[in-house]
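Here is the naming used below: chain letters follow the sequence lines, and residue numbers restart at 1 for every chain.
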Amino acid sequence: MRGKRYLCALKCTDMTIINTLQQAVSQAVETLYGAAVEAETIQVNTTPAEFTGDFTIVVFPMVKLARKAPDVVGAEIGAYLQERVPEVHQYNVIKGFLNLELTADFWQRFLLEEASTPEFGRQARKGEKVMVEYSSPNTNKPLHLGHVRNCLLGWSCSQILDAVGYDVIKVQVVNDRGVAICKSMLAWQKFGNGETPESSGKKGDHLVGDYYVLFEQKTKDEYADWQKSEAALAAYAGRQQQDQSEEAFFKAYKNKWFNEQSGLGAEVRDMLLRWEAGDPDTIALWKQLNSWVYAGFDATYAKMGVDFDKLYFESDTYLLGKDIVEDGLKKKVFYRKEDGSVWVDLSDAGYDEKVVLRADGTSVYITQDLGTARMRYKDFGCEQMIYVVADEQNYHFAVLFEVLRRLGEPYANGLHHLSYGLVELPTGRMKTREGTVVDADDLIEEVISIARGQAEEYGALEGVTAPEREDIFRQIGLGALKFFMIKVNPKRKMIFNPEESVDLQGQTGPYIQYSGVRINGLMQRVEQEGVDLTPAKAYTDFQPQEKELLKGLYEYPGIIQTAAAEYDPSHLANYCYNLAKSFHRFWHDLSVFNAADPEARAFRLELSRAVGQVLRSGMGLLGIEMPQKM
RNA sequence: GGCUCCGUAGCUUAAUGGAUAGAGCAUCUGACUACGGAUCAGAAGGUUAGAGGUUCGAGUCCUCUCGGAGUCACCA
């Protein structure tokens, strides 16, 4: 069971106030109405700000058992709780909602003993391993906007799973072989004149990507020339659909032409064959270009702040899966057709028949994934594997997981496709051929420079050294970009408009960072002036703005659990925003350092410290840094 | 066509079956001689695509309709 419970504070093995209330309500129903209600099923939420109270119990489900009106049931249970649970200070009932106000002592202890600890929100180690696969680029071109979303999701999910106690192994599959990289190789060989990243000053992945584009361009030129030839006219004359225009025909014909008539097509196929045969010169060329690409990728990953524990290379795994095919045949999960190809029939599960091994005995895409899954389990013994891959591959993963289940793989029930919507431009999907791809490096530079421009306008960093300033611009720019991408539900398709610069105001990363900067300012003064915080314990008359923050802090552990259970960091992003918003309001409405009495000052400082720590922790799980100044 | 997903203010979006659908941007109006104004407050903006149903209660679950996307390769 993967239940969602927002309100599951700190250590789940301990009794939390939520558990206490659930138990007490269950007893109340038993005592008052002689009916049994399982404690775990009782809904306890934090009370919305517009009502008085801290926690709210939904009494509707108990109404039928009691055979009384909702407000009567609420009042009776409320009275029972106030009597038996020391933490319950007061209660009120509105319709079917029982709002409970807890004692100041409860909140004091929560703030000072739980929320202030560095481990607040993190769970004990489970001793279970989870593998998260993300990024998984092709090596023929640099990373782009889509990879950015993928990396942020994958990396953040890894952190969140770690926080709830899993041992996480971050991996990527590097698609380093195949026709795509051969195109770059061929173009570089023919037209490159020995260009290297050193000679041209280009980043390696960009250099290789440029040759991929060049290959496509040269092919296009060749095709345009060919279209004037006798053979082309003959092909058009013999076309299937007589009403087809010449333009439409040649557009549709391009693949066939490339495979059968193009000179470059023949050359690139030849290169792929030589690669597969292990031709030393081809392998050397391949290694050379890929090494440039990896250096480029490493730089981009470092800038994004993501990393991996292990890399799987497709050149090592593309032949895998043959043994799993044999296994499947033995188990009668697969069957062989007359031509020798091997299939799996999933029509009873609502899918199609899928080929898992070609007639010539070579692997297809899914065969690699079957073999790789088994290899990973052997490598790490992970009970769960999460694949961060765009939603265009939903069907592929549904089939993959179904096949692994039928094969009885021990990890088959721990597989999850973290499917996310493609990032599109206002003009539609990004297309390499049309040059509309938003490059990851460019994008990162862009957001940093926006942050730089904005900061210079504010002029708040005057006493800061230049390198420190640059680091702050980087933190703000990346904070804005990361928050922008991660605050929306992963499965939602997202439109990115490069014309509209990334916002720094409102519901953004910098908004949250700014609340941290304010808190940091307070903490520095506490340090400098040696403020005594012990009077905090004597503060009991909480203001609504303070209560809002306390309730917000209380929700943090449950939010992490929800984010982990749903593999969805956006919950955490929205949580951080809401907490920062509450803090800004608190800051505006109440004096912290200049509070009227030492008790209020000490308490508000403690509260601010805890908020700052939770924000740093929560944003950290999203891969967003909190600058000291901005 | 089959299967899957999506449709919430002008735009971007939130909401474990629970209270008056919550924010941000954009628009308009206000707020520091007080801890940092990348802030705060207010106004305006919604038939949650539409129609039925289940439920004490539906943006959320079920059915149908409309609109959009993805996928249905011996490509990856």
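Considering only the side chain of Arg585(A), A41(B) comes nearest among G36(B), A34(B), A41(B). Residue His588(A) places its side chain closer to C40(B) than to any other of C40(B), A38(B), G18(B). Checking A19(B), A69(B), G24(B) against every side-chain atom of Gln507(A), the shortest atom distance belongs to G24(B).
For the OP1/OP2 pair of C6(B) and a distance below 4.0 Å, the side-chain nitrogens and oxygens of Lys491(A) include at least one atom meeting the criterion. The shortest distance between the side-chain N/O atoms of Arg604(A) and the OP1/OP2 oxygens of C35(B) is not below 4.0 Å. Contact check, Tyr511(A) against C40(B): a side-chain N or O comes under 4.0 Å of OP1 or OP2. The phosphate of U20(B) (OP1 or OP2) has a side-chain N or O of Lys95(A) nearer than 4.0 angstrom. Contact between the side-chain N/O atoms of Trp587(A) and the OP1/OP2 oxygens of G36(B) is not found at any separation under 4.0 Å.
Going from the C1' atom of U4(B) to that of G45(B) covers 35 Å, rounded to whole Å. A gap of 10 Å separates the P atoms of U39(B) and A26(B), to the nearest Å. With P as the reference atom, U48(B) and A19(B) are 15 Å apart, rounded to whole Å. The separation of G46(B) from A21(B), taken at their P atoms, amounts to 13 Å, rounded to a whole angstrom. Nucleotides A38(B) and C25(B) are separated by 14 Å at their P atoms, to the nearest Å. Across the C1' atoms, G52(B) and C5(B) are found 23 Å apart, a figure rounded to whole Å.
As judged by a 4.0 angstrom heavy-atom cut-off over every strand, Phe51(A) is placed among the base-contacting residues. Within 4.0 Å (heavy atoms only), Ala398(A) reaches no atom of the nucleic acid at all. Ile519(A) comes within contact range of no nucleotide atom at all, as no heavy-atom separation falls under 4.0 Å. Among the protein residues, Arg492(A) comes within range of the nucleic acid bases, having at least one heavy atom under 4.0 Å from a base atom. Within the 4.0 angstrom heavy-atom criterion, base atoms lie near Asn99(A). When heavy atoms are screened at a 4.0 angstrom cut-off, Pro70(A) is found touching no nucleic acid atom at all. The residue Val517(A) sits close to a base: some heavy atom pair falls under 4.0 Å. Backbone-only contact: Lys581(A) has heavy atoms under 4.0 Å from sugar-phosphate atoms and none from a base.
The stacking criteria are not both satisfied for Tyr577(A) over the base of A23(B), which would need a centre-to-centre distance under 5.5 angstrom and an angle between ring planes under 30 degrees.
Between the side chains of Thr139(A) and Asn290(A), at least one donor-acceptor pair of N or O atoms lies under 3.5 Å. For the residue pair Ser582(A)/Glu548(A), the side-chain donor-acceptor check at 3.5 Å is satisfied. Looking at Asp176(A) and Ser315(A), their side chains do bring a donor and an acceptor atom within 3.5 Å of each other. Side-chain contact check for Ser570(A) and Asn489(A): no donor-acceptor pair (N or O, by modelled atom type) lies under 3.5 Å.
Salt-bridge check for Lys547(A) with Asp54(A): passed, with a basic side-chain N closer than 4.0 Å to an acidic carboxylate O. Taking a cutoff of 4.0 Å between a charged side-chain nitrogen and a carboxylate oxygen, Lys354(A) and Glu402(A) do not qualify as a salt bridge. Salt-bridge check for Glu424(A) with Arg429(A): failed, with every basic side-chain N at 4.0 Å or more from each acidic carboxylate O. Remark: Glu625(A) engages Arg474(A) in a salt bridge, criterion side-chain N to carboxylate O under 4.0 Å.
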Give each protein N/O atom lying under 3.5 Å from an N/O atom of nucleotides 55-60 of chain B, with the pair distance.
none

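What separates OH of Tyr575(A) from P of G22(B) is a distance of 21 Å, to the nearest Å. Whole-Å rounding puts the Asn578(A) CG to U13(B) C1' distance at 12 Å. Rounding to whole angstrom units, CE of residue Met494(A) and C1' of C5(B) are separated by 18 Å. Rounded to whole Å, atom P of U13(B) lies 13 Å from atom CG of Asp503(A). Atoms CG (Asn489(A)) and C1' (U8(B)) sit 14 Å apart, rounded to a whole Å. Atom CZ of Phe496(A) is separated from atom P of U13(B) by 13 Å (rounded to the nearest Å). In this structure, Glu555(A) atom CD and U16(B) atom C1' are separated by 12 Å, rounded to whole Å. The interatomic distance linking Tyr351(A) (OH) with G2(B) (P) rounds to 18 Å, in whole Å.
Lys322(A) NZ: more than 12 foreign heavy atoms inside a 6.0 Å radius.
Contact of the Thr362(A) side chain with the Leu357(A) side chain is not registered, since no non-hydrogen atoms from C-beta on lie closer than 4.5 Å.
Between Phe97(A) and Phe51(A), the ring centre distance reaches or exceeds 6.0 Å. Taking the centre of each ring, Phe401(A) and His417(A) stay at or above the 6.0 Å mark. The distance between the ring centers of Tyr387(A) and His416(A) does not fall below 6.0 angstrom. In this structure, Tyr554(A) has its ring center under 6.0 Å from that of Phe55(A).
Residue-to-nucleotide proximity on RNA chain B shows that, of Glu500(A) and Ser570(A), the 5′-proximal contact is made by Glu500(A).
Side-chain atoms of Thr56(A) come within donor-acceptor range of the base of A19(B), with a qualifying N/O pair under 3.5 Å.
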Produce a footprint string for nucleotides 71-76 of chain B: one letter per nucleotide, 5' end first; B if the base is under 4.0 Å from any protein heavy atom, S if only the sugar-phosphate is, - if neither. SS-BSB
Could you walk me through whether Tyr420(A) and Asp391(A) pass the side chain to side chain contact (heavy atoms under 4.5 Å, CB included) test, one step at a time? CA-CA 5 Å; Tyr420(A) 64 92; Asp391(A) 62 9; over 6 Å; no
A correct dot-bracket answer for RNA chain B, with pairs being Watson-Crick or G-U at under 3.5 Å, [ ] for crossing pairs and | for inter-strand pairs, is (((((((..((((....[...)))).(((((.......))))).....(((((..]....))))))))))))....
